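The sequence lines fix the lettering, A, B, ..., with proteins before strands; numbering per chain opens at 1. Computed from a predicted structure; not experimentally measured.
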2 protein chains.
Amino acid sequence: MDNSLDKRPTLKTLAEITGLGISTVSQALRDSPAIAEETRKRVKLAAQQAGYRPNRAGVRLRTGKTNVITVVLNPQDEGSGFFADFVFGISNGLAGTPYHLVVTPYSLEDPMVPIRYIVETASADGVIISRTQPNDPRVRFLLEHGVPFASHGRTSMGLEHPYFDYDNENYAYEALHKLSAKGRTCVALLGPPRDLTYNIHTNLGFERGLRDFRLTGFPLGSVDAEAPLDSIRKLATALALQKDRPDGFVVSNIAAAVALCAGMADAGLVLGRDFDVVSKHVTSLVGMLCPDIISIPENFREAGCRLAEILIAAIEGETQSELQQLAHV
Amino acid sequence: MDNSLDKRPTLKTLAEITGLGISTVSQALRDSPAIAEETRKRVKLAAQQAGYRPNRAGVRLRTGKTNVITVVLNPQDEGSGFFADFVFGISNGLAGTPYHLVVTPYSLEDPMVPIRYIVETASADGVIISRTQPNDPRVRFLLEHGVPFASHGRTSMGLEHPYFDYDNENYAYEALHKLSAKGRTCVALLGPPRDLTYNIHTNLGFERGLRDFRLTGFPLGSVDAEAPLDSIRKLATALALQKDRPDGFVVSNIAAAVALCAGMADAGLVLGRDFDVVSKHVTSLVGMLCPDIISIPENFREAGCRLAEILIAAIEGETQSELQQLAHV
DNA sequence: TTCGAGACTTGAAACGATTCAAGAAACTGC
DNA sequence: GCAGTTTCTTGAATCGTTTCAAGTCTCGAA
């Protein structure tokens with residue numbers, strides 16, 4: 001089996017090599033001021049040459065520090081492009097740090113299950129959550145138990161916590177700006193699910209845009225951009241046949257935007273001529289098929305990366321100053 | 001901070017509760033036959049009531065067992081739908097087991113870096129790799145060091161190891177079958193990158209299909225289905241204008257298929273009338289835009305799930321019997 | 001010369017689990 | 001009644017790390 005390296009070096013190994021005591025070596029490696037400069041150098045050199053890497057289990061057992069960041073999976077993210085980009089981003093933000101990234105499965109019954117598990121077993125130094133709700137029990141729980149975390153999206157509970165968010169208010173506003181510039185007058189919002197905080201922000205921006213650009217809002221009822229694609233498509237077709245149909249759409253999700261376009265096309269309407277659609281995060285693939293969707297980019301990869309950075313800062317005791325960030329649109 | 005649970009229970013806690021020794025408790029929990037039946041029950045009950053969960057760091061330090069499965073990220077997977085589904089699948093396969101899933105970042109310079117890291121630091125009980133090559137140094141290295149792993153895709157090094165693979169030979173063959181049934185006669189393969197094993201399988205199936213269905217093969221040169229989408233699109237347009245252009249395409253990747261269709265459309269050709277395209281894994285989104293792409297599904301989620309199961313079996317010392325699986329197409 | 005104060009270094013005790021040799025108790029057979 | 005098993009339980013050692021109290025030196029001041 002292991003032929004190249006007889007055994008992984010430990011502090012004891014280094015102590016033998018250098019002729020020092022184990023605790024000296026330990027402190028030297030962590031730059032304790034109690035250790036003489038020259039000794040520190042000697043130890044570090046030896047560590048380097050021996051290819052020493054601290055045993056995570058040892059550190060974790062002794063200090064409780066896991067060097068693990070956990071990201072909690074959401075069932076709704078399956079299939080969406082969100083998750084892959086997000087994880088790549090987090091992984092990027094963690095590069096060069098000692099943190100490992102573990103992916104925790106969701107629980108279909110109760111989204112608190114993974115959170116409780118993490119807290120109870122102290123299995124991570126920090127947690128990243130997404131799909132944040134205005135009054136989010138996960139946030140409350142993590143705050144209560146003093147477990148560092150960062151959320152993708154904000155809450156409105158009057159509690160301060162680290163987050164990174166896309167400026168969805170501005171997104172909706174800018175979307176209307178673009179539609180208005182295209183001469184559209186009657187606009188509809190196919191926004192985020194009601195239970196997520198960014199639904200509120202999106203609505204705010206939409207309302208403000210309606211006023212500022214003097215547009216008519218067309219209510220879509222209770223559908224949201226995460227509804228099944230074919231239901232969105234059918235809705236669009238039905239809309240298209242209506243007399244006072246909207247001629248502009250703001251959509252929070254590219255898949256929904258595509259379904260919407262398909263539904264309108266089913267009724268014979270042409271994108272860019274009869275109506276316009278603004279969506280977020282148009283991948284090159286969709287851009288190829290529906291080049292006329294107006295897009296305002298949202299970078300999930302950046303979100304993941306920032307969240308990782310923010311979370312690490314929080315773990316290391318940073319004050320709240322830079323721990324709340326809003327992506328400018 | 002921690003108000004609800006004063007302290008996490010440990011073996012010592014359980015020992016005090018039951019009035020037994022620590023080692024008795026330890027063995028009882030692991031069903032050692034040396035412990036009396038009645039004692040075992042008593043200990044387990046106490047453990048349950050106290051909400052005992054073994055401390056992972058303790059176990060890991062003592063036994064070397066990490067209870068971690070690592071999946072290695074591939075830079076090429078970014079943006080593709082593959083990764084999200086794959087991870088959801090793995091996560092699913094790990095549900096109910098004590099294994100955690102950690103995602104290891106890739107290294108742009110050298111794909112061996114993460115592998116060596118895992119082996120050197122013994123940071124996982126098992127590894128899942130994808131994008132397997134015929135002669136894959138990762139496979140060799142992991143085998144040499146006796147680290148359990150499972151690969152998504154096969155190798156051709158004459159070495160046995162656990163894998164799960166999609167039957168790409170059959171895929172290409174069936175694709176030609178469908179094209180032939182549509183009356184297509186001149187077909188081209190936009191297959192996987194040359195360096196991946198499944199390129200070989202795909203080619204085999206394609207060649208066999210050409211013979212069996214008496215089709216003419218149209219060579220596409222060195223482009224593959226992971227080439228930049230716009231280059232594929234341009235290629236398609238150029239092809240469309242050629243006199244003896246192919247009228248059927250087998251594509252290994254949905255994004256490439258879409259780009260191909262777009263390029264043909266640019267030249268005025270109509271999918272389903274002037275040519276047909278077979279692709280894998282058509283999401284409902286693409287199906288909505290290009291309903292006429294012929295699809296043969298590939299389930300990445302299942303792949304992840306199976307790989308997790310296979311890997312766990314391998315870790316637990318299963319013989320090679322059921323550790324090599326091929327998804328039937 | 002002696003004492004105290006730095007300046008370094010180190011042994012021992014944790015952290016929570018498993019394992020092994022050995023102890024205690026009960027039971028066997030003669 | 002006693003040696004010899006068998007059955008069950010347990011203390012101690014160990015994994016690799018950090019931390020704390022205590023140790024050794026050296027040096028300067030009195």
Side-chain angles (χ1 to χ4, degrees), chain A residues 2 5-44 46-47 50-68 98 100 120-125, chain B residues 2 5-44 46-47 50-68 98-100 120-123 125:
Chain A
D2 276 347
L5 340 157
D6 274 4
K7 218 41 169 301
R8 249 181 97 190
T10 69
L11 287 185
K12 195 160 142 204
T13 320
L14 294 185
E16 279 161 9
I17 293 178
T18 56
L20 293 164
I22 293 182
S23 48
T24 313
V25 173
S26 171
Q27 292 177 83
L29 288 177
R30 262 163 320 105
D31 286 318
S32 158
I35 303 296
E37 176 65 16
E38 201 236 348
T39 310
R40 267 189 291 188
K41 278 192 183 141
R42 192 151 58 95
V43 170
K44 288 192 175 174
Y52 170 77
R53 297 178 178 264
N55 178 307
R56 302 191 136 233
V59 175
R60 178 165 171 180
L61 181 56
R62 178 63 231 249
T63 65
K65 169 126 193 165
T66 61
N67 282 301
V68 161
H100 284 184
E120 276 168 16
T121 62
S123 58
D125 295 337
Chain B
D2 277 347
L5 341 156
D6 273 4
K7 218 40 168 303
R8 250 180 97 191
T10 70
L11 287 185
K12 194 160 142 203
T13 320
L14 295 184
E16 280 161 10
I17 293 177
T18 57
L20 293 164
I22 293 183
S23 48
T24 314
V25 174
S26 171
Q27 292 177 81
L29 287 177
R30 262 163 321 106
D31 286 315
S32 160
I35 303 297
E37 175 65 16
E38 199 236 347
T39 310
R40 266 189 288 186
K41 278 192 183 140
R42 192 151 57 94
V43 169
K44 287 191 176 174
Y52 170 77
R53 300 184 179 256
N55 178 308
R56 301 191 135 231
V59 175
R60 176 164 173 181
L61 181 57
R62 178 63 230 250
T63 66
K65 170 124 192 166
T66 61
N67 282 302
V68 160
Y99 292 96
H100 284 183
E120 278 169 14
T121 62
S123 57
D125 295 337

Are the charged groups of B:Lys41 and B:Glu38 less than 4.0 angstrom apart, N to O? no
Counting side-chain heavy atoms from CB outward, which of D:dT17, C:dT10, D:dT9 is closest to A:Asn55? D:dT17
Ignoring backbone atoms, establish whether B:Thr39 has a side-chain N or O less than 4.0 Å from OP1 or OP2 of D:dT9. yes
What's the CZ-C1' distance between A:Arg53 and D:dG16, to the nearest Å? 16 Å
Calculate the interatomic distance between A:Leu14 atom CG and D:dT17 atom C1'; express it in whole Å. 12 Å
Check the distance between C:dA17's C1' and B:Arg8's CZ and give it to me in whole angstrom. 12 Å
Heavy-atom pair with the smallest gap, counting every atom of B:Ala50 and B:Pro9: O-CG, 3.3 Å
I want to verify a distance call: between D:dT19, D:dT17, C:dG16, whose nearest atom is closest to the A:Arg30 side chain? D:dT19
Residues of residues 21-29 of chain B with a heavy atom under 4.0 Å from any atom of DNA chain D, listed by number, are B:Gly21, B:Ser23, B:Thr24, B:Gln27
Rounding to a whole Å, what distance do you find between A:Leu61:CG and C:dA14:P? 13 Å
What integer distance in Å separates B:Glu38:CD from C:dA25:P? 17 Å
Interatomic distance, A:Lys65 NZ vs D:dT19 P [rounded to whole Å]: 12 Å
So that I can tick it off, tell me whether B:Asp31 and B:Lys44 are bridged by a salt bridge, with the cut-off set at under 4.0 angstrom between side-chain N and carboxylate O. yes
Identify which one of A:Asp125, A:Thr121, A:Val59 satisfies the side-chain contact (heavy atoms from CB on, under 4.5 Å) criterion when paired with A:Thr66. A:Asp125
Residue list, side-chain hydrogen bond (donor to acceptor under 3.5 Å, both in side chains) with B:Thr10, at least two apart or on another chain: B:Thr13
Residue whose nearest DNA chain D nucleotide is more 5′ - A:Thr10 or B:Arg42: B:Arg42
Assess whether side chain to side chain contact (heavy atoms under 4.5 Å, CB included) is satisfied between B:Leu14 and B:Leu29, documenting all intermediate values. CA-CA 11 Å; B:Leu14 295 184; B:Leu29 287 177; 4.1 Å; yes
Specify the separation, in whole Å, of atom CG of B:Leu20 and atom P of D:dG11. 11 Å
By the 4.0 Å heavy-atom rule, please label B:Ala36 as base, sugar-phosphate, or nothing. sugar-phosphate
Side-chain atoms of residues 20-28 of chain A: list all donor-acceptor pairs with protein atoms under 3.5 Å, sequence neighbours left out, distances to 0.1 Å.
| unit_1 | atom_1 | unit_2 | atom_2 | d |
| --- | --- | --- | --- | --- |
| A:Ser26 | OG | A:Arg30 | NH2 | 2.8 |
| A:Gln27 | NE2 | A:Ser23 | O | 3.4 |

Side chain of A:Val59 only, please: which of D:dT17, C:dA17, C:dC8 is the nearest? D:dT17
Side chain of B:Leu11 only, please: which of C:dA17, D:dT17, C:dG16 is the nearest? C:dA17
Is any side-chain N or O of A:Arg60 closer than 4.0 Å to OP1 or OP2 of C:dG16? no
Can you measure B:Arg40 atom CZ to D:dT9 atom C1' for me and round it to whole angstrom units? 14 Å
